[in-house]
Each structure stands twice: as C-alpha cells, then as structure tokens.
Amino acid sequence: MTISGTTAARSGSGLRWGLLGAARIARALIPAIRASGGEVVALGVRDPNSEHARAFSQEWNVPIVGGYQEVLSADLDAVYNPLPNDLHLPWSLAAMRAGKHVLTEKPLVLNAAEAQQLADSAGETGRVLLEAFAYRFHPHITRLRQLVQGGELGEVRSVRAAFGFMLDNPEDFRWLADKGGGALFDVGTYTVNLVRLLLGEPTAAVARARWTGGGVDVGLSGVLEYPGVLAGVDCAFDWAEPAPQRLTILGTRGTLDMNGVFHSNTHSPVSFTVTDAAGVREEEFPPFNAYAAMVEHFQQVVLGEEEALFPPQDSVKHARVLDALFASARTGGRVEIG
C-alpha cells in the first residue's frame, strides 16, 4: 500500500490522534493509542462546554479543541470516530478528505453502498481506513481460524455465534432507528464478522427479528448459507446478564465451544474446549489487549510497515451480509448475497 501525504515521514514514531466525541469506548482506545506509541492530542465534542466533555478531557488529559470540524483542522495524522452510527459516514469521509487516516467504530456505516463510498474515498485520498473490530486481533481468534481452516475439526457442518446483553437505558441512541440503532448493528455485527473470518463469504441469508414500535431490532436470529455449511447468528438487547458471547462449531472430527469469544481486552485468561475422538481438551490464552494490537497494526499500515489485514473492501463485503440479514428479517424471505 502506498501512503500519500506527510504521515509516512513519521516512520519509527507513533501517530498524532484526534477523537471525535467523548464516547465510552474511547476509554479503551486512548490507553491503546498511548501503549502503541501514539499521542492523543485533540478532542472534538458536540458541546465543548458540557460537564461530560470537560470531565472526559480532564480525566484523560486530552485538550478540547472545539467541535468535530476543529479536530479535522488540527495537526493530526489519524482520527478515531466512535460517534453514533449515523455519523460514521459523514465524519469519516470528512476526515479522509482532510488528510487524516481513520479508525471508525463498528458498524463502519449503515449499508453496503455507504461502505463502498468510504472505501472509494480511502482509495482516492490514499488514507488508511479500518473498521474497529478489535476482538479479531486477539490470539484466540487466530487459533480458531487455524482449527477451522486447517481441518483439525474435520469438515465444518455448523457454526453458531451469539452476542447479546440487556440494554436497559431508554435514552441510549441504540434504541433510535434514525441513529442506526438495533441489536444487529451493535452486537450481531460481531457474530457475522466472526463467521466470515472462519468460513469466508456466505451465499444467502435468512433472518427473523423482534422489532420495537420505532423499527429497531431488539433481537435478531439468522442463518448464513455456505456450501455444505449453515451458520447461525443470534443477537439481542434483552438477554440476561452476564452478556453471552458464545461460539459453537460442529465438525466431522470434533466440536468446539467457547464463551467470551468477542472480548477485546482480557484481564484474565480465556479458553475454549475441543471435543474429539481423543477426548476433551481446553486451550487457554493469557490476558491480552486486542485494542492495543489493533491500534499498533493500524499505525504500522499508516507508516507503510505492514499490509492491511482488513482493507476497506472487507467492510464492504461485511455490510452486504448485514444488508441481506436486515432485508430477510423485514420481508420474511431468503436473500441471496451477491
């Protein structure tokens, strides 16, 4: 990948970052950026005078430079965009056009057409764009892919991934359709992403959902079709705590079960269980900060020292699957994925 602009001249050093908004998830990214040698030098918020913004700025020692546009005008290399889902497209586009590389929180955008628009802009501007699925940088994900793709479980016949929790704050933007709310965008997108990491691109989708009166999916269950394999994905905003993050893989030579599969910063070991003809074994992985690993990879791609593991076109393919699940849930039909 050829990176245009002045950022490549920083090779050997970290990047200068700006934050769009004082979102809770930024509390995980700021330490990750700093651990990777980067600096967080600018915070832009909707209301610079709000008590929340000032408290966030003080807690994390990041100066408020004004609104979102002031961040894009600052002397920065990269921007992290964790704004509400409907603001990912306009502000990530604006950031790249302002010469900034962009790490955008999932979901990258609200549909495949918007994802292609961002991918096109990344190509035109020479900026790095990454959808922030930090979990996939955890070592246990690498091992899961080895088990499936290396044939240790035999021929995979069924995969089931589930992620849900209890969203009991009625003021949360995730209850608003016009903000890109809903369980599929928030947590179901992880299940789809993991299935794609393990199996590749599905050919069709069937889904059913439970909707609020405002058109937001409270829960969605779907099946993604592959040659010889059916992959189930489940997500919800009304499941009992602790939040389940489950994966089950059924193969012709063995099965695998895991809870906690989507954790991105594990302060204690995580493990999964494999059952095959030799018996039952557990594979354990030590505590690991996948946020830091994701940021480190992003910075290395910006500096031209690594190839992108997940280029923008991967997010376009991912969005096509989400589009198909939504379309099936709304119409009740089977939707092919082109």
Side-chain angles (χ1 to χ4, degrees), residues 21-29 52 55-56 59 82-88 104-108 110 131-136 138 140-141 159-195 205-224 231-248 257-273 287-291 318 321-322 325-326 328-330:
R24 182 172 58 182
I25 188 61
R27 296 173 180 273
L29 267 292
H52 171 72
F56 185 96
E59 178 182 1
L83 295 170
N85 299 339
D86 64 312
L87 298 180
H88 290 182
T104 300
E105 196 50 57
K106 55 78 201 163
L108 183 73
L110 302 185
E131 188 171 8
F133 281 114
Y135 87 96
R136 58 189 174 184
H138 199 291
H140 74 259
I141 297 297
V159 174
R160 188 116 210 158
F163 192 179
F165 68 104
M166 185 66 69
L167 182 60
D168 53 9
N169 176 9
E171 303 302 319
D172 195 292
F173 84 86
R174 288 172 287 186
W175 289 118
L176 301 175
D178 61 353
K179 292 293 183 182
L184 181 60
F185 273 151
D186 193 59
V187 284
T189 187
Y190 284 94
T191 67
V192 173
N193 192 260
L194 178 57
V195 168
V206 177
R208 298 293 182 269
R210 290 175 288 110
W211 306 95
T212 68
V216 170
D217 55 306
V218 179
L220 182 145
S221 293
V223 174
L224 301 178
V233 292
D234 300 285
C235 58
F237 281 162
D238 57 0
W239 287 354
E241 299 289 355
Q245 301 183 25
R246 299 186 184 279
L247 172 69
T248 300
D257 293 286
M258 182 175 187
N259 196 13
V261 66
F262 301 113
H263 285 314
S264 295
N265 187 3
T266 54
H267 301 287
S268 57
V270 297
S271 63
F272 56 72
T273 301
F288 187 83
N289 188 344
Y291 292 111
H318 182 75
V321 181
L322 299 184
L325 287 167
F326 272 130
S328 177
R330 288 171 178 138

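Here the side chain of D257 pairs no donor or acceptor atom with the backbone of T273 at under 3.5 angstrom. Side chain of E131 to main chain of L108: a donor-acceptor pair is present (N/O by atom type, distance under 3.5 Å, no hydrogens or angles). Remark: side-chain polar atoms of Y135 are paired, donor with acceptor, to backbone N or O of L194 under 3.5 angstrom. At distances below 3.5 Å, at least one donor-acceptor pair connects side-chain atoms of H88 with backbone N or O atoms of P107. Of the possible polar contacts, none joining the W175 side chain to the T212 backbone as a donor-acceptor pair under 3.5 Å is found.
The structure places CG of L184 at 7.0 Å from OG1 of T191, a figure rounded to the nearest 0.5 Å. In this structure, the separation between CH2 on W239 and CZ on F163 is 10.0 Å, given to the nearest 0.5 Å. One finds the CG atom of L224 at 5.5 Å from the CG atom of L325 (value rounded to the nearest 0.5 Å). Rounded to the nearest 0.5 Å, atoms CZ (F262) and OG1 (T189) are 9.5 Å apart. The CE atom of M166 lies 7.0 Å from the CD atom of E241; values are rounded to the nearest 0.5 Å. Atom-to-atom distance recorded for W211:CH2 and R330:CZ is 4.5 Å, nearest 0.5 angstrom.
Y291 has its side chain within reach of I25: a pair of non-hydrogen atoms, C-beta onward, lies under 4.5 Å apart. Taking the side chain as every heavy atom from C-beta outward, V270 and H138 approach each other to under 4.5 Å. At least one side-chain heavy atom of D86 sits under 4.5 Å from a side-chain heavy atom of L110. Between F173 and N85 there is a side-chain heavy-atom pair separated by less than 4.5 Å.
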Side chain to side chain contact (heavy atoms under 4.5 Å, CB included) assessment of V233 paired with V195: CA-CA 8 Å; V233 292; V195 168; 4.1 Å; yes
From CA spacing to verdict: side chain to side chain contact (heavy atoms under 4.5 Å, CB included), R246, M258: CA-CA 6 Å; R246 299 186 184 279; M258 182 175 187; over 6 Å; no
Test log, rule side chain to side chain contact (heavy atoms under 4.5 Å, CB included), inputs H140 and T266: CA-CA 11 Å; H140 74 259; T266 54; 5.6 Å; no
Steps toward side chain to side chain contact (heavy atoms under 4.5 Å, CB included) verdict (S264, R136): CA-CA 8 Å; S264 295; R136 58 189 174 184; over 6 Å; no
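Aromatic ring centroids of H263 and F288 lie 6.0 Å or more apart. For an aromatic pair to be called close, the ring centres must be under 6.0 Å apart, and F185 with F326 satisfies this.
Residues V206 and S328 come closest through the heavy atom pair CA-OG, 3.2 Å. The shortest heavy-atom contact between L220 and A329 is CD1-CB, 4.0 Å. Closest heavy-atom contact between C235 and V187: CB-CG2, 3.9 Å. Between G214 and A177, the closest heavy-atom pair is O-CB, 3.5 Å. Closest approach of A290 to A134, counting heavy atoms only: CB-O, 3.2 Å.
Heavy atoms of other residues, nucleotides or ligands lying less than 6.0 angstrom from CZ of R210 number more than 12.
Residue pairs meeting the salt bridge (Lys or Arg N to Asp or Glu O under 4.0 Å) criterion with at least one member in residues 159-176, sequence neighbours excluded, are R160-D234, D172-R174, R174-D186.
Ring orientation note: the planes of H52 and F56 are tilted relative to one another, at an angle of 30° to 60°.
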